[in-house]
Amino acid sequence: MQLTQLIDRIQPLAVTGEVVGRGVSCVVFDSRKAVPGCLFVAVKGTQVDGHDYIQKAIALGATAVVCEEFSGGDAGAMEERGTFLKVKNSAKALALIAAEYHQNPSQDLTLIGITGTNGKTTVATLLHDLYSGLGYKAGLLSTVEVRIGSEGKTATHTTPDALSINALLVEMRDAGCDYVFMEVSSHAVTQHRTVGLDFNGGVFTNLSHDHLDYHETFAAYRDAKKGFFDQLPEGAFALVNADDKNGAFMLQNTRAARREYSLRKIVDYRARVLSNSVQGLQLELDGTEVFTRLIGKFNAYNLIATFGVAMELDAERDEVLVALSSLSAATGRLDYVTDPAGRITAVVDYAHTPDALENVLTTLHDLLVPEARLLCVVGVGGDRDKTKRPVMARLAARLADQAIFTSDNPRSEDPEAILNDMQAGLDNPELTAKTLRITDRRSAIRTAVQLARAKDIVLVAGKGHETYQEIKGERFPFDDKLELANALKARSHVS
């Protein structure tokens with residue numbers, strides 16, 4: 001691709017060096033990946049500033065650099081071989097360049113973004129599975145996985161970097177996908193990773209306490225979510241949860257068509273929970289009774305959002321309602337493990353925020369039969385928002401009959417320090433008496449299973465779909481669902 005084509009897209013503030021006739025062999029923002037003829041974009045990240053690696057990229061063969069500032073030494077090094085493009089925001093420029101370099105694949109797809117604190121993965125997965133069931137080839141970009149039609153690959157971020165997003169969209173387009181459903185994180189919005197993508201619609205699920213380690217304030221976190229809807233173009237739709245107080249805020253400045261869904265209000269898309277059991281939800285959705293295998297009131301919201309998107313995309317209503325009844329939750333979201341003896345219900349869930357944990361515990365508590373108990377194994381990740389640790393501990397102790405605090409992904413932190421922060425949330429002896437502290441996660445899961453009686457429910461929360469535990473920068477294999485299954489099997493052999 002010619003550099004002039006990329007320059008037209010980003011409209012730089014200043015250009016130093018030759019432009020006409022200069023080709024670009026590839027685009028990189030990691031200097032270690034620089035090769036002869038490449039364009040290096042120097043991005044200021046949270047941990048590393050790409051501007052510190054401009055000279056390294058040049059040494060490896062970069063012939064063009066996009067940056068927010070450059071020194072005379074940098075410019076001198078490029079004087080004969082390359083070009084400097086100065087921009088106001090290099091992260092935003094990277095996203096625009098990524099779209100242009102990959103020939104704007106989002107324009108050839110129906111692209112829907114889903115944002116919010118909880119429910120993003122479930123809604124995106126439900127939409128992918130719904131449209132697959134309706135006979136379309138669909139793509140999925142989620143926390144759990146990337147799917148191109150029925151082919152899946154492990155995801156590394158909720159929303160990948162701009163270059164990866166566009167490369168994946170090219171794969172999806174070339175594979176014949178018609179629709180793509182994509183989680184959009186608050187980090188992605190503030191870091192401009194979704195700039196240059198042509199969204200046909202956006203969904204807001206809800207907003208609660210999360211990622212304050214990055215955004216610092218709830219207002220900044222909320223504004224990041226809103227930024228996605230501010231970017232939606234005319235002709236797109238913005239579908240928000242009207243029962244969340246932040247739903248109306250998301251719509252304030254959007255140019256997209258405004259739509260709402262609710263369990264409580266008369267809005268565009270409505271549902272009513274008729275029954276909720278371990279077997280599933282019975283809903284009245286858009287005036288029609290529908291049974292689904294998902295459970296919990298929060299999944300009722302996810303199902304209405306899914307239905308609303310399908311209606312906005314002009315799917316056939318009755319076909320959608322029939323297809324919804326066959327859908328299952330995303331991996332690691334209220335994921336059941338079979339007890340060989342059939343006496344205990346065991347559940348794995350990704351709940352890693354106070355709101356998500358409260359939703360799951362409340363849902364499972366409502367499903368208990370008389371005299372049965374709810375046991376909860378829960379931890380909180382290290383190197384993340386510390387303020388939610390005591391909150392989640394207090395919720396677990398209050399809403400479960402027995403809470404076991406354990407390690408999640410401690411990352412670089414001392415697991416004992418994390419557990420100390422959690423226990424600080426137990427503000428009375430009654431709550432403390434309902435808790436155990438077992439640092440080793442495998443032992444904590446086994447203990448919960450051993451403590452469980454017939455008809456009890458055991459919840460293992462926090463990691464969900466993850467198949468590893470990160471300790472001191474190293475990832476070790478660890479799968480909550482597998483650990484639960486092994487613990488249940490061992491218990492059945494003993495009894």
Side-chain angles (χ1 to χ4, degrees), residues 144 278-279 293 295-296 328-352 356-357 359-369 371-382 392-393 395-397 399-410 415-416 418-419 422-423 433-471 474-495:
V144 177
V278 175
Q279 285 72 42
R293 289 183 284 180
I295 68 170
S328 301
T331 302
R333 272 65 176 176
L334 282 180
D335 207 348
Y336 284 81
V337 180
T338 303
D339 173 13
R343 294 174 297 185
I344 301 168
T345 300
V347 180
V348 171
D349 194 88
Y350 187 53
H352 62 289
L357 184 62
N359 281 337
V360 172
L361 286 168
T362 301
T363 294
L364 294 178
H365 196 278
D366 290 345
L367 301 181
L368 291 172
V369 299
E371 307 303 320
R373 302 173 305 153
L374 176 59
L375 294 81
C376 176
V377 178
V378 64
V380 185
M392 291 182 67
L395 281 169
L399 297 175
D401 297 289
Q402 175 74 66
I404 301 178
F405 300 156
T406 189
S407 287
D408 189 287
N409 289 320
E416 300 299 337
I418 297 173
L419 291 174
M422 292 181 69
Q423 288 200 291
K434 295 170 64 179
T435 66
L436 293 173
R437 173 170 168 164
I438 303 175
T439 307
D440 179 73
R441 193 172 182 89
R442 180 174 289 111
S443 297
I445 292 172
R446 290 177 178 175
T447 299
V449 169
Q450 289 302 317
L451 290 174
R453 302 192 294 250
K455 307 300 182 183
D456 284 355
I457 296 177
V458 176
L459 168 67
V460 179
K463 288 173 56 59
H465 62 281
E466 294 176 351
T467 56
Y468 63 85
Q469 192 171 27
E470 187 174 340
I471 303 171
E474 187 174 353
R475 289 190 174 188
F476 299 90
F478 196 97
D479 185 330
D480 280 355
K481 190 173 180 180
L482 179 61
E483 294 297 333
L484 252 182
N486 289 340
L488 288 166
K489 185 177 180 180
R491 174 191 166 108
S492 67
H493 285 162
V494 171
S495 55

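Please read all numbers here as calculations on a predicted model, not as lab measurements.
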I need the minimum non-hydrogen distance between [X] and [Y], along with the two atoms involved.
{"X": "P410", "Y": "D408", "answer": "CD-O, 3.4 Å"}
{"X": "A396", "Y": "L361", "answer": "CA-CD1, 3.9 Å"}
{"X": "T363", "Y": "G296", "answer": "CG2-CA, 3.4 Å"}
{"X": "L375", "Y": "A452", "answer": "CD2-N, 4.1 Å"}
{"X": "T439", "Y": "P415", "answer": "CG2-CB, 3.9 Å"}
{"X": "V360", "Y": "A351", "answer": "CG2-CB, 4.1 Å"}

Legend entry - By side chain to side chain contact (heavy atoms under 4.5 Å, CB included) - contacts of T362 (at least two apart): E358, D366, L399
For the side chain of [X] and the backbone of [Y], is there at least one donor-acceptor N/O pair under 3.5 Å apart?
{"X": "N409", "Y": "E470", "answer": "yes"}
{"X": "S407", "Y": "D440", "answer": "no"}
{"X": "N359", "Y": "A356", "answer": "no"}
{"X": "R437", "Y": "E416", "answer": "yes"}
{"X": "T435", "Y": "A403", "answer": "no"}

Legend entry - Residue pairs involving residues 444-465 (criterion salt bridge (Lys or Arg N to Asp or Glu O under 4.0 Å); sequence neighbours excluded): R373-D456, K463-E466
Inset, instruction - Begin with the C-alpha distance, continue with both residues' side-chain angles, and end with the deciding distance and a verdict on side chain to side chain contact (heavy atoms under 4.5 Å, CB included) for F478 and I471. - result: CA-CA 11 Å; F478 196 97; I471 303 171; over 6 Å; no
Say you draw a straight line from [atom1] of [X] to [atom2] of [Y]; how long is it, rounded to the nearest 0.5 Å?
{"X": "C376", "Y": "L364", "atom1": "SG", "atom2": "CG", "result": "9.0 Å"}
{"X": "H365", "Y": "L459", "atom1": "NE2", "atom2": "CG", "result": "12.5 Å"}
{"X": "L357", "Y": "Y350", "atom1": "CG", "atom2": "OH", "result": "13.5 Å"}
{"X": "L334", "Y": "I295", "atom1": "CG", "atom2": "CD1", "result": "5.0 Å"}
{"X": "L436", "Y": "L451", "atom1": "CG", "atom2": "CG", "result": "6.5 Å"}
{"X": "E483", "Y": "S443", "atom1": "CD", "atom2": "OG", "result": "9.5 Å"}

Inset, instruction - Please step through side chain to side chain contact (heavy atoms under 4.5 Å, CB included) for the pair V380 and F405, ending with a clear verdict. - result: CA-CA 9 Å; V380 185; F405 300 156; over 6 Å; no
Inset, instruction - Would you check if L488 and P340 make a side-chain contact, meaning some heavy-atom pair closer than 4.5 Å? - result: yes
Legend entry - Sub-4.5 Å side-chain heavy-atom contact between L374 and D401: yes
Inset, instruction - Show your working on side chain to side chain donor-acceptor pair (under 3.5 Å) between R441 and Q469 and close with a plain yes or no. - result: CA-CA 9 Å; R441 193 172 182 89; Q469 192 171 27; over 6 Å; no
Legend entry - salt bridge (charged side-chain N to carboxylate O under 4.0 Å, His left out) against D339, all qualifying residues, sequence neighbours excluded: none
